[in-house]
Amino acid sequence: MLQVAFIRDHKDDIIKRLTKRNIDATALINDVINLDEDRRMLQTKLDNTKAESNALSKEIGNLFKSGEPQKANILKEKTTQLKETTKVLELEFNEKVDALNALLYKIPNVPHTSVPNGTSEADNEEIFRDGQIPQLHDGALPHWELAKKYNIIDFELGNKITGAGFPVYIDKGARLQRALIAYFLDKNTKAGYTEYQLPHLVNEASGFGTGQLPDKEGQMYHVTADNLYLIPTAEVPGTNIFRDTLLNESDLPVSITGYTPCFRREAGSYGAHVRGLNRLHQFDKVEIIRVEHPDNSYDAFHAMVNHVKDILIELKLPYRILKLCGADVTFASALTYDFEVFSTAQDRWLEISSISNFETFQANRLKLRFKNSEGKNEFCHTLNGSSLALPRVLAGILENCQTEDGIKIPEALVPYTGFDIIS
RNA sequence: GGAGAGUUGGCAGAGUGGUCGAAUGCGGCAGUCUUGAAAACUGUUGAGGGUCACACCUCCAGGGGUUCGAAUCCCUUACUCUCCGCCA
C-alpha cells in the first residue's frame, strides 16, 4: 500500500497518475488525507492525556516513598478520571486508524510514467517480438490433443483424482516437467539468483504481507483446520522471507529463485480459454524475486526482462513482450511486462511470464526496509517475475515443436530430458 | 498428542513492580593512529507516531487483564527449544 506521508505530499500527482488505471481517486485520496488529519488530532489529544497520567503516576510513587499516602490517594482519583478519558479517546482513535487503513488497502499502486494509457488488455503495448513462428504440417494439433496422442498428460485422470485443472503428467510428460524445472533453476542460479525451497502453505500474516489478503482471499485454497493457505505463487513465501526486516544497504540487492507448485481456485473461469494447460488449479512455476535499492530497481527490472528473453531465445520459442497498459497493470505493480509465447496450433498468445516492479508498495506492507547511507530507514523496492511458468511453456513446446515424426525437444533441454523426441 | 522451559533492539544477551526504552558484547557509523588497510583506542548508534524544531506518546512475540504505575504479576493465542509418544 501507499504511505500516508507520500499521499499527503504528492496528492495531485497521485490522482493524476491513477487516472491511467481509469479511476478517479480524488474522493478516496481526500478521504485519506482528512482521516489522517483526524487521526493526528486525536493522537495529540490522546498523547497529552497519557502524558498527564504518566506524570501523576510518577508523583504518586514519590509521595508514597516520602511517606505522604493521603496526598497520593488524592492524585490516584485524578488518574482514574484520566483513564476514562484515555479509554474513550483510544476507541475513537482506533476507529480512525481502521478506517484509514481500509481506505489505504483500496488504493492501487501508482503506475510508472512509462505505463501506456488504455481501457483493456487490448491496449497493452507490444514492445518486442522474437523467435520464428513455425510452419506446421497439415494436421497439426493443439497441445491437449498432442498430450492424448502421445499419452504424456492425462486430464481426465486428474478429474477423477481431484477435479478439473489438476492434470496428471505421465512418462515423458512427467520427465519433461522435471527437466524444465531443473533447466529454469539452473539458468536462474547461473544468473546470480540463490535457490530456495519454500513452503507451499503460508499463514495469514504472509497472505497480508504480499497482498493476497484481505481482498483476494477467494483466489486461494484455504486450509481452515490450521488457518493456512496454499500458495498461489512462490512470490508469497519468497517475498515474506523479508517481512519485518531491516537490511543494511550493503545487503542489497537480494536475488532469489525458487520452484513451487502454485494453487489457484480461479473461481469463475470457464470455457475454451481454459482448455488443456491454458488455465489450471495446480501448476508449476519457477519464480525470481529481487529486493533492490530504490535507485536501482528499474535497472534490475530490465535485467530480469533480458534474463527471461535469453531463456526463450535458447528454447527457440516464438514470443513477444507486452508492456501492460494502465487498465491491466495489477493492483500492487507500478510497471509490468508480460511475456507471451505463441501457441501455433491454437493461433493465440499465451502468457508465460509476468515481471513487475512494485517499488515500495509491497515493502510498505511487509515493513521491508534498509538503512541508507545517512543512517535513515528507507523502504526497499521489490520485484518479481516468472522464470518461468511451466504449463504454457509446455504447451508452446508441444505445439511449436511438433512434426509429423513427433515432438522435437529443444536442444537446450535435451541434457535434462535425456531424450530428443516424443513420438 | 502429553510434560516442562522459553520468546527482550540489526544480532547475541542481562534485566522479576517505579530510578528501564532497557546493562553488556558483536555489528554499523564517525574519529584518532597509519602512506593505505588491519589491529587498537575514543565517540556514536533501536523502531514508529508527533513537531518547523523540541516536548510528548507508543513499542520488550500477538491479544486481553491486575495496578496510581508492568519488559517484570495474571489469563490467552502463536511460535521456539528439551523430554516422552507417534511417524516418512
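Residue numbers begin at 1 in each chain, while the letters A, B, ... track the order of the sequences.
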(message) With rounding to the closest Å, how many angstrom separate the P atoms on B:A70 and B:C20?
(response) 16 Å
(request) Assign the ring pair A:Tyr221 / A:Phe263 to parallel, tilted or perpendicular, where the plane angle (0 to 90°) is split at 30° and 60°. (result) perpendicular
(message) Using Watson-Crick or G-U wobble geometry with both distances under 3.5 Å, which nucleotide pairs with B:C54?
(response) none
(request) Determine the interatomic distance between P on B:C74 and the same-named atom on B:G50; round to the nearest Å. (result) 36 Å
(message) Please name the nucleotide paired to B:C86 by Watson-Crick or G-U wobble geometry with both distances under 3.5 Å, or report none.
(response) none
(message) Nearest whole Å is fine: how far is B:U66 P from A:Lys87 NZ?
(response) 7 Å
(message) If I pick the P atom on B:U24 and the same atom on B:G62, what distance separates them, to the nearest angstrom?
(response) 25 Å
(message) Counting only Watson-Crick pairs (N1-N3 plus N6-O4 or O6-N4) and G-U wobbles (N1-O2, O6-N3), all under 3.5 Å, who is the partner of B:G25?
(response) B:C11
(request) In plain terms, say whether A:Arg8 and A:Asp36 are close enough for a salt bridge, that is, a side-chain N and a carboxylate O under 4.0 Å apart. (result) yes
(request) Please measure how far the C1' atom in B:A12 lies from the corresponding atom in B:G46, and state the result in whole Å. (result) 15 Å
(message) Using heavy-atom distances to pick each residue's nearest nucleotide on RNA chain B, tell me which of A:Lys58 and A:Asp47 is more 5'.
(response) A:Lys58
(request) Looking only at side-chain atoms of A:Lys371, point me to the closest of B:G69, B:U58, B:A47. (result) B:A47
(request) From the options B:C68, B:U58, B:G49, select the nucleotide whose nearest atom is closest to the side chain of A:Arg39. (result) B:G49
(message) Rounding to an integer number of angstrom, what distance separates B:C54 and B:G48 when you compare their P atoms?
(response) 14 Å
(message) Pairing check on B:U66: which nucleotide meets the Watson-Crick or G-U wobble criteria with it, both distances under 3.5 Å?
(response) none
(request) Write down the partner of B:G4 under the Watson-Crick or G-U wobble criteria, each distance required to be under 3.5 Å. (result) B:C81
(message) As an exercise, state the distance from CZ of A:Phe93 to OG1 of A:Thr44, rounded to the nearest 0.5 Å.
(response) 9.5 Å
(message) Please tell me if A:Lys83 has a side-chain N or O lying less than 4.0 Å from either OP1 or OP2 of B:G69.
(response) yes
(request) May I ask you to say what A:Thr44 touches in the nucleic acid, namely base, sugar-phosphate or nothing, with a heavy-atom cut-off under 4.0 Å? (result) nothing
(request) Select one nucleotide: of B:U58, B:G48, B:C68, the one nearest the side-chain heavy atoms of A:Asn54. (result) B:U58
(request) Report the distance from atom CZ of A:Phe242 to atom P of B:G10, rounded to the nearest whole Å. (result) 17 Å
(message) Side chain of A:Lys76, heavy atoms from C-beta onward: which of B:G50, B:C57, B:C68 has the nearest atom to it?
(response) B:C68
(request) Using the C1' atom on both, measure B:C29 against B:U80 and round to a whole Å. (result) 33 Å
(request) Calculate the interatomic distance between A:Asp38 atom CG and B:G49 atom P; express it in whole Å. (result) 18 Å
(request) Identify, between A:Leu56 and A:Leu246, the residue whose nearest nucleotide on RNA chain B lies closer to the 5' end. (result) A:Leu246
(message) Rounding to an integer number of Å, can you tell me how far A:Lys367 NZ sits from B:G46 C1'?
(response) 16 Å
(request) Write down the distance between NZ (A:Lys78) and P (B:C68), rounded to a whole number of angstrom. (result) 17 Å
(message) Checking contacts here: which listed nucleotide (B:A47, B:G50, B:C57) is nearest the side-chain heavy atoms of A:Arg369?
(response) B:A47
(message) Does B:G50 have OP1 or OP2 under 4.0 Å away from a side-chain N or O of A:Arg8?
(response) yes
(message) Less than 3.5 Å apart, any donor N or O on the side chain of A:Glu399 or A:Gln346 sitting next to an acceptor on the other?
(response) yes
(message) Quick test of your reading of the model: are A:Asp13 and A:Arg17 salt-bridged, counting only N-O distances below 4.0 Å?
(response) yes
(message) From CG of A:Leu63 over to C1' of B:G18, roughly how many Å is that when rounded to an integer?
(response) 13 Å
(request) For nucleotides B:G6 and B:A71, find the distance between their C1' atoms and express it as a whole number of Å. (result) 15 Å
(request) Take atom CZ of A:Arg40 and atom P of B:C52, then tell me their distance rounded to the nearest Å. (result) 9 Å
(message) Please determine whether a side-chain nitrogen of the Lys or Arg among A:Glu37 and A:Lys96 lies less than 4.0 Å from a carboxylate oxygen of the Asp or Glu.
(response) no
(message) How many whole angstroms separate atom NZ of A:Lys50 from atom P of B:C59?
(response) 7 Å
(message) Which nucleotide, if any, forms a Watson-Crick or G-U wobble pair with B:A30, using both distances under 3.5 Å?
(response) B:U42
(message) Roughly how many Å apart are B:G36 and B:A23, using the P atom of each and rounding to a whole number?
(response) 35 Å
(request) Would you state whether a donor and an acceptor, one from the side chain of A:Asn377 and one from the base of B:G48, lie under 3.5 Å apart? (result) no
(message) Tell me whether A:Glu314 is salt-bridged to A:Lys187, with the criterion being a basic N under 4.0 Å from an acidic carboxylate O.
(response) yes
